[in-house]
Amino acid sequence: MSTDETKLARVALTWLAEPGTRSVYALVEQIGPVGALDLLLSGGAPERTLRSAVAARAAAGDARAVAAEALTRGERLGARLVTPDDDEWPAQVRDLRRLALSGATRRVDVETDPPLCFWVRGAWPLGETLAHSVAVVGARAATPYGSHVATELGYGLADREWTVVSGGAFGIDSAAHRGALTAGGRTVAVLACGVDRPYPMGNAALFDRIAETGLLVSEWMPGAEPLRPRFLIRNRVIAAATRGTVLVEAAARSGATQTLNRALGLRRHAMVVPGPVTSAMSVGGHEVLRERPDARLVTNLAHVLEEVGRIGYDLTPPARAPERPRDRLDEEATQVLEALPRRRALDLESVAARAGVDLRTAMRKLSLLEELAMVVRRDGGYALAPPPASPT
């Protein structure tokens with residue numbers, strides 16, 4: 001059987017049934033794409049709902065003819081079809097076979113099997129580009145805080161040679177993509193429509209830049225519309241194709257939290273940037289952190305790299321306040337320093353008594369504090385040194 005026939009069959013199957021359909025993927029695994037297509041077109045789908053869906057699509061046109069036209073259109077656009085038979089196929093998306101979301105009842109949460117093919121615009125090999133990648137996702141109605149954080153993360157990840165993956169939407173997605181582009185790095189937009197009609201159209205210039213320096217990727221053939229359920233179907237790919245997913249901002253029941261839930265279901269690194277408790281755009285992420293102990297709170301690039309990077313390397317140093325001179329003092333020197341009042345001098349005996357140390361110890365520690373310019377002799381005793389003058 002020729003490669004062209006197999007590719008044509010994969011495109012036709014994706015047109016007949018939405019990507020992720022478990023029974024279609026199972027048939028392809030069992031009897032191959034061409035055999036699965038023949039079976040579905042002959043009315044032999046194993047499930048009634050699938051038979052109805054195939055019959056409805058088949059009534060609208062010949063599946064093979066539609067697929068052939070899509071391949072021709074893709075070639076004119078400069079888009080290529082990538083299948084599991086190609087060297088650039090991202091093998092990690094096969095993990096979607098084991099994705100099972102708890103309490104799932106909606107079709108988009110149940111039908112989450114791996115893709116049959118990808119349409120790709122851009123010169124980079126798909127698998128290589130996604131092998132070292134992190135997803136940054138979040139709200140379309142992003143706040144200035146969220147946009148700033150997403151831009152910084154996108155820039156920082158790209159600057160460290162990580163591919164930044166997102167969905168190309170307004171808000172957090174756009175900020176992450178632009179951050180990566182500003183750093184001169186690679187970014188990938190995974191779309192819920194054809195690669196020739198990216199949505200939203202207001203991001204057309206952004207999509208053109210991504211296609212020039214990164215990749216536009218979709219499971220749907222050129223010309224496909226961005227229907228609402230397709231965004232959730234698409235989100236499983238973002239979660240599976242990357243090392244980890246960072247949720248920057250999300251309202252309650254946001255599609256972005258669904259991407260994070262899929263990452264958690266796949267045991268990928270799932271990270272949440274906290275936000276103001278007064279913001280509706282913080283609710284989704286905070287709820288994930290409350291309900292899922294396997295989700296990690298991250299506040300900067302270093303935290304993200306520690307999660308997705310190499311074990312034993314990319315570690316975040318503990319957060320510490322700036323070191324002060326008194327931080328280097330031992331316990332007795334600190335006692336002596338604390339014993340000195342703010343506005344007057346004390347004699348040696350009084351300092352020792354207030355600090356609770358003997359005279360010899362008080363004398364040694366006061367000498368040390370003098371050397372460190374923290375104590376001065378004044379009025380026959382010892383006093384705190386005046387603070388350094390501020391620069392003019």
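All of these numbers come straight from a predicted model, not from anything done at the bench. Note that the numbering runs from 1 along the sequence shown for the chain.
Residue Met374 places its CE atom among more than 12 non-hydrogen atoms of other residues, nucleotides or ligands, all under 6.0 Å distant. Around the CZ atom of Arg267, the shell of radius 6.0 Å holds no more than 12 heavy atoms that belong to other residues, nucleotides or ligands. Heavy atoms of other residues, nucleotides or ligands lying less than 6.0 angstrom from CD of Glu287 number more than 12. Environment of CD in Glu75: sparse, with no more than 12 heavy atoms of neighbouring residues, nucleotides or ligands closer than 6.0 Å.
Salt bridge annotation for Asp95-Arg268: present, with a cationic side-chain nitrogen under 4.0 angstrom from a carboxylate oxygen. Using a 4.0 Å cut-off between charged nitrogen and carboxylate oxygen, Arg292 and Asp294 count as a salt-bridge pair. A salt bridge links Arg64 with Asp38: the closest approach of a Lys/Arg side-chain nitrogen to an acidic carboxylate oxygen falls below 4.0 angstrom. Between Asp196 and Arg73, at least one side-chain N (NZ, or NE/NH1/NH2) sits under 4.0 Å from a carboxylate O, which counts as a salt bridge. At a threshold of 4.0 Å, the pair Asp330-Lys365 counts as salt-bridged, since one of the basic side-chain nitrogens sits closer than that to a carboxylate oxygen. Under the 4.0 Å criterion applied to side-chain N and carboxylate O atoms, Arg106 and Asp109 are assigned as salt-bridge partners. The existence of a salt bridge linking Glu212 and Arg209 is excluded, since no basic side-chain nitrogen approaches an acidic carboxylate oxygen closer than 4.0 Å. Ion pairing between a basic and an acidic side chain is recognised when a charged N comes within 4.0 Å of a carboxylate O; Asp358 and Arg364 show no such pairing. With salt bridges taken as basic N to acidic carboxylate O contacts below 4.0 Å, one links Glu307 and Arg296.
No hydrogens or angles considered: a donor-acceptor pair under 3.5 Å links the side chains of Ser174 and Asn203. Arg10 and Thr83 share no side-chain donor-acceptor pair at under 3.5 Å. For Arg22 and Thr112, the side-chain atoms include at least one donor-acceptor pair closer than 3.5 Å. Defined by atom type and a distance below 3.5 Å, a donor-acceptor pair is present between the side-chain atoms of Glu18 and Trp220. Ser282 and Glu249 share no donor-acceptor pair across their side chains, judged by distance under 3.5 Å alone.
A cation-pi geometry, defined here as NZ or CZ lying under 6.0 Å from the six-membered ring centre and within 45° of its normal, holds between Arg186 and Trp124. The side-chain tip of Arg140 points at the ring of Phe231 from less than 6.0 angstrom away and within 45° of straight on.
Looking at heavy atoms from C-beta onward, Leu116 lies in side-chain contact with Tyr25 at the 4.5 angstrom threshold.
Asp347 places a side-chain N or O within 3.5 Å of a backbone atom of Glu349 that can act as its donor or acceptor partner. At least one donor-acceptor pair under 3.5 Å links the side chain of Thr242 to the backbone N or O of Ile238. A distance-only check finds no donor-acceptor pair linking the side chain of Arg121 to the backbone of Ala211 [under 3.5 Å].
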